[in-house]
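Numbers restart at 1 for each chain; the letters A, B, ... are given by sequence-line order, proteins then strands. In this text, all values refer to a predicted model and were calculated from it rather than measured experimentally.
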Number of protein chains: 2
Amino acid sequence: MSLAHAILTALLEKPSSGLELTRRFDKSIGYFWPATHQQIYRELKKLEEAGHVHVLPARRPERGQKKEYEVLPAGRAELTAWASAGQDPRPVRDALLLRLRAAAVVGGHGLEDELRRHLALHRRQLEEYLAIEERDFAGDGRGDGRGDGGEERDAGEERGGDADARRLRHLVLRGGIGLESFWIAWLTEALEGLPDALRTA
Amino acid sequence: MSLAHAILTALLEKPSSGLELTRRFDKSIGYFWPATHQQIYRELKKLEEAGHVHVLPARRPERGQKKEYEVLPAGRAELTAWASAGQDPRPVRDALLLRLRAAAVVGGHGLEDELRRHLALHRRQLEEYLAIEERDFAGDGRGDGRGDGGEERDAGEERGGDADARRLRHLVLRGGIGLESFWIAWLTEALEGLPDALRTA
DNA sequence: GGATCTTTTGCAACTAGTTGCATAAAGGTC
DNA sequence: GACCTTTATGCAACTAGTTGCAAAAGATCC
């Protein structure tokens, strides 16, 4: 049910239409819970049926016409409960580790290039995160800053989130930064110690 | 298609029945690609249809009777190709980060306990990994060791995997160790900087 | 004023993973 | 020999995520 709650969070930050949500996902919540527009439309429909959101009036809800959604009190209550309820981390599923394990059994050239490619992808993602940190949390200490604004600055629409909210958003971002940093370190180590038999050239 | 390849890898290490695979998954490959017995049975059937594995003879393939599977040359070829082919990392999907982000908007008590619980889970997992490293790779340097044995020591059935294979398995394990270490560090940081408004007591 | 491009919403089919339960054989036990 | 537990295989229904495509409305262009 995580996607529904991701949507509720995004809608509380700012009421939006399906497509706007999709775009906002791409540059904030989507970093750790990506979703396509189809998923979002389907989920919005379910949320509406459940009475957690509703369409703002003054909009003819016809095909091709924008429908702006807003969170209802029931939706907010649901989100609050979900946020602090117990929920186990979902098990790790990483195909690259699996492929390395397979290579230990059957070998496989081209792995070196593949590791380099992943390294580049993770470096790019890290840079993106660091740029956001620089832009929105410049000068704050590690994960406990304060001030104004948020990850996305649409047009001064942020509700000025208080210091706690800001600190939490920074913490989440630090999570992404730490994760990418880990992969970069691990891939670097992997490339150094990669057996010659798996090297590309 | 990752599960199919995980199964091929496990079967190459040692031909097994569905239930044996399930158990072996629980203590090695399943650390980064878990699967239930139902998933494994379904996948074995597909792999058999595709001609990638076959059932060893001298076994009546009846319900309740063990069926021992073995990888065919086509399966090995498929696995080799898959291991070094290009494949993007799947996007991160982490509910805890999402919940923190939600808490930034709606608050939520009980989060502190939840973070502590996750911290304990990750510490336990890290210990498990470190115990495996100690047992199977004691004395090896970071990710480039050599020697005998593998992650699972069933009964001396390991085919003595050469130094390269061993190094790769160690590298994969170091991946797990690094990942757990990252979460432990991040959760510790999170607990230190957690706003009072979200604390439990 | 018709062509076509963009924005927005949406369906349908598919793939992957989860959950709950059913069935069969083998071996122990009383 | 009736009953219980363990080992082993499996079906069916469900939930979640992906992919490909279609359709309505408005804007733009010539």
Give A:Ser2 one of three labels, base, sugar-phosphate or nothing, depending on what nucleic acid heavy atoms sit under 4.0 Å from its own. nothing
Here the distance between atom C1' of C:dG17 and atom CD1 of B:Ile7, to the nearest Å, is 13 Å
Could you go through the salt bridge (charged side-chain N to carboxylate O under 4.0 Å, His left out) check for B:Glu112 and B:Arg116 one step at a time? CA-CA 6 Å; B:Glu112 185 187 4; B:Arg116 286 193 201 289; 2.6 Å; yes
When B:Trp183 is tested against each of B:Asp94, B:Leu121, B:Leu119 for side chain to side chain contact (heavy atoms under 4.5 Å, CB included), which residue passes? B:Asp94
When rounded to whole Å, the NZ to C1' distance for the pair B:Lys46 and D:dT9 reads 17 Å
B:Glu13 and A:Arg101: salt bridge (charged side-chain N to carboxylate O under 4.0 Å, His left out), yes or no, with the steps? CA-CA 11 Å; B:Glu13 284 170 357; A:Arg101 184 66 189 262; 3.2 Å; yes
What is the distance from NZ of B:Lys67 to C1' of C:dA25, rounded to the nearest Å? 15 Å
So do B:Leu12 and B:Arg76 actually touch side chain to side chain, heavy atoms under 4.5 Å? yes
Less than 4.0 angstrom between a side-chain N/O of A:Lys45 and OP1 or OP2 of C:dT9, yes or no? no
Contacts under 3.5 Å, N or O only, protein and nucleotides 18-20 of chain C:
residue: C:dT18; atom: OP2; partner: A:Arg93; partner atom: NH2; Å: 3.3
residue: C:dT18; atom: OP2; partner: B:Gln39; partner atom: OE1; Å: 3.1
residue: C:dT18; atom: O4; partner: B:Arg42; partner atom: NH2; Å: 2.7
residue: C:dG20; atom: O6; partner: B:Gln38; partner atom: NE2; Å: 3.0

Quick one: B:Leu44 CG to D:dA8 P, roughly how many Å, whole number? 14 Å
Would you mind telling me which of C:dT9, D:dG17, D:dG10 lies closest to the side-chain atoms of A:Trp33? D:dG17
How close or far is atom P of C:dG17 from atom CG of A:Asp88, stated in whole angstroms? 19 Å
Answer yes or no: is there a donor N or O on one side and an acceptor on the other, between the side chain of B:Glu133 and the main chain of B:Ala138, under 3.5 Å? no
Does B:Glu20 or A:Met1 map to a spot on DNA chain D nearer the 5' end, using the closest nucleotide for each? B:Glu20
Figure out the CD/P separation between B:Glu68 and D:dA8, and round it to whole Å. 10 Å
A:Ile40 CD1 - C:dC11 P separation (whole Å): 15 Å
Specify the separation, in whole Å, of atom OH of A:Tyr41 and atom C1' of D:dA22. 14 Å
CD on B:Glu180 to CZ on B:Arg123, rounded to 0.5 Å: 12.0 Å
Hey, are A:Tyr31 and A:Glu128 close enough side-chain-wise for a donor-acceptor pair under 3.5 Å? yes
Would you indicate which nucleotide in C:dT8, C:dT9, D:dA16 comes nearest to any side-chain atom of A:Arg23? C:dT8
